[in-house]
Amino acid sequence: MALREIVTSPNPVLRRKARPVKTFDGKLQTLIDDMIETMRVAPGVGLAAPQVNISEQVIVVEYGDDEDEEVPPKLYVMVNPKITRFDTETELGVEGCLSIPGLVGEVERSLAVTVKGQNRHGQPMTVKAKGWLARIFQHEVDHLEGVLFTDRATSVWKPEAPVEDLA
Ligand code: ZN
């Protein structure tokens, strides 16, 4: 595994629509392993392939519920993810992005989503996410569409303290 450089805005790769993955080969496995390591070292709770300069539909998410330290963070690897259901109920939350250092914003997101895609070997998978996990999935799938949180934020500001849970 190797660390990849996280590209930052305004790198145009962040604005491109990522290509669907068709071949689940060794190169994809290396990309996924590198993305997991890069996310953990950053540290972040999610990473999309365009953030490491690869315009392909791959995301990794690793998030543990802060309120329950007994439950270890769960790692999700998803290829060609699509959000097939957005809960109509939404909430505002403060988000930051590894590709937009030094800024956070308040973003309205669905409280729950269903995400369908494939695992790293091409088998179909579905994730039903709620709360912060749902927010992270929405943030990462946006990256594959070339959308950044600042596009959706109702307000954006420079935080005084370093921000956790970057995605
Ligand atoms: Zn991001």
Side-chain angles (χ1 to χ4, degrees), residues 3-19 32 34-69 73-117 127-167:
L3 285 181
R4 305 235 181 168
E5 189 189 341
I6 296 176
V7 301
T8 55
S9 182
N11 190 310
V13 71
L14 295 170
R15 291 307 194 174
R16 230 171 272 152
K17 269 182 182 277
R19 289 181 302 273
I32 288 168
D34 288 356
M35 284 175 63
I36 293 167
E37 190 180 4
T38 303
M39 169 180 68
R40 285 176 175 166
V41 168
V45 293
L47 194 68
Q51 293 180 276
V52 293
N53 209 14
I54 303 289
S55 193
E56 292 181 11
Q57 294 181 15
V58 182
I59 63 171
V60 295
V61 171
E62 190 168 49
Y63 178 67
D65 192 339
D66 293 338
E67 286 164 27
D68 192 350
E69 288 175 6
K74 191 167 180 215
L75 174 67
Y76 300 88
V77 173
M78 234 171 161
V79 179
N80 302 325
K82 295 277 176 302
I83 298 178
T84 56
R85 187 184 155 270
F86 288 91
D87 196 311
T88 50
E89 224 179 307
T90 60
E91 71 178 350
L92 283 169
V94 177
E95 270 176 47
C97 178
L98 292 167
S99 295
I100 310 178
L103 282 183
V104 295
E106 200 165 40
V107 185
E108 190 172 6
R109 299 280 192 189
S110 287
L111 271 175
V113 290
T114 302
V115 195
K116 286 184 192 284
V127 175
K128 290 187 177 184
K130 289 189 289 187
W132 265 103
L133 186 62
R135 178 174 293 274
I136 299 163
F137 270 102
Q138 289 169 80
H139 180 114
E140 298 312 330
V141 172
D142 269 356
H143 271 302
L144 304 181
E145 295 288 323
V147 174
L148 300 174
F149 82 88
T150 44
D151 302 340
R152 297 195 185 274
T154 49
S155 58
V156 174
W157 67 95
K158 286 185 185 180
E160 282 170 25
V163 180
E164 289 173 29
D165 289 357
L166 294 171

Begin with the C-alpha distance, continue with both residues' side-chain angles, and end with the deciding distance and a verdict on side chain to side chain contact (heavy atoms under 4.5 Å, CB included) for L133 and Y76. CA-CA 10 Å; L133 186 62; Y76 300 88; 3.5 Å; yes

Option passing side-chain contact (heavy atoms from CB on, under 4.5 Å) with E95 (candidates E106, R109, R152): R109

Pairwise side-chain contact, R40 with L75, heavy-atom cut-off 4.5 Å (strictly under): yes

State, to 0.1 Å, how close S9 and L148 come at their nearest heavy-atom pair, and which atoms those are. OG-CD1, 4.1 Å

What's the shortest heavy-atom distance between A153 and G105, and which atoms? CB-CA, 4.3 Å

Plane angle bin for W132 and Y63 - parallel if under 30°, tilted between 30 and 60°, otherwise perpendicular: tilted

Any sub-3.5 Å donor-acceptor pair from Q138's side-chain atoms to S110's backbone N or O? yes

Taking C-beta and beyond as the side chain, do E108 and T154 meet within less than 4.5 Å on heavy atoms? no

G146 backbone acceptor or donor facing R15 side chain under 3.5 Å: yes

Please confirm whether the backbone N or O of A48 pairs with a side-chain atom of Q51, one donor and one acceptor, at under 3.5 Å? yes

Tell me, do P50 and R16 make a side-chain contact under 4.5 Å, heavy atoms counted? no

Go through it in stages, so that I can follow the logic: the residues are I59 and H143, the test is side chain to side chain contact (heavy atoms under 4.5 Å, CB included), and I'd like the CA-CA distance, side-chain angles, deciding distance and then a yes or no. CA-CA 9 Å; I59 63 171; H143 271 302; over 6 Å; no

For the atom pair CG (D151) and CG (D142), what is the distance rounded to the nearest 0.5 Å? 8.0 Å

Verify, without hydrogens or angle tests, whether T38 (side chain) and L3 (backbone) share a donor-acceptor contact under 3.5 angstrom. no

Closest approach of G96 to V104 (non-hydrogen atoms, all atoms of both residues): CA-CG1, 4.3 Å

If you measure from CZ on R19 to CD on E56, what distance do you get to the nearest 0.5 Å? 5.0 Å

What closest approach, in Å, do S55 and A18 show between heavy atoms, and which atom pair accounts for it? OG-CA, 3.5 Å

Mind checking the CE-CD spacing from M78 to Q57? Nearest 0.5 Å is all I need. 11.5 Å

Here the gap from I83 atom CD1 to T114 atom OG1, rounded to the nearest 0.5 Å, amounts to 9.5 Å

Do the side chain of R135 and the main chain of V107 share a donor and acceptor less than 3.5 angstrom apart? yes

With heavy-atom distances below 4.5 Å as the criterion, would you say the side chains of V7 and V13 are in contact? yes

Between R4 and L47, is a side chain to side chain contact (heavy atoms under 4.5 Å, CB included) present by the stated rule, with each step listed? CA-CA 11 Å; R4 305 235 181 168; L47 194 68; over 6 Å; no

Between E140 and A167 the two heavy atoms that sit nearest each other are OE2-CB, 3.1 Å

I want to check something: taking the side chain as every heavy atom from C-beta on, are F137 and V61 in contact at a cut-off of under 4.5 Å? yes

Nearest heavy-atom approach of A134 to A112 is CB-CA, 4.0 Å

Give the intermediate values and the outcome of side chain to side chain contact (heavy atoms under 4.5 Å, CB included) for residues I32 and V79. CA-CA 9 Å; I32 288 168; V79 179; 4.3 Å; yes

Do L103 and K158 touch side chain to side chain, with heavy atoms closer than 4.5 Å? yes

If you measure from CD1 on I36 to CD on E62, what distance do you get to the nearest 0.5 Å? 8.0 Å

Other residues, nucleotides and ligands only: do more than 12 of their heavy atoms fall within 6.0 Å of NZ on K128? no

Taking T8's backbone N and O only, do any of them form a donor-acceptor pair with N11's side chain (distance below 3.5 Å, no angle check)? no

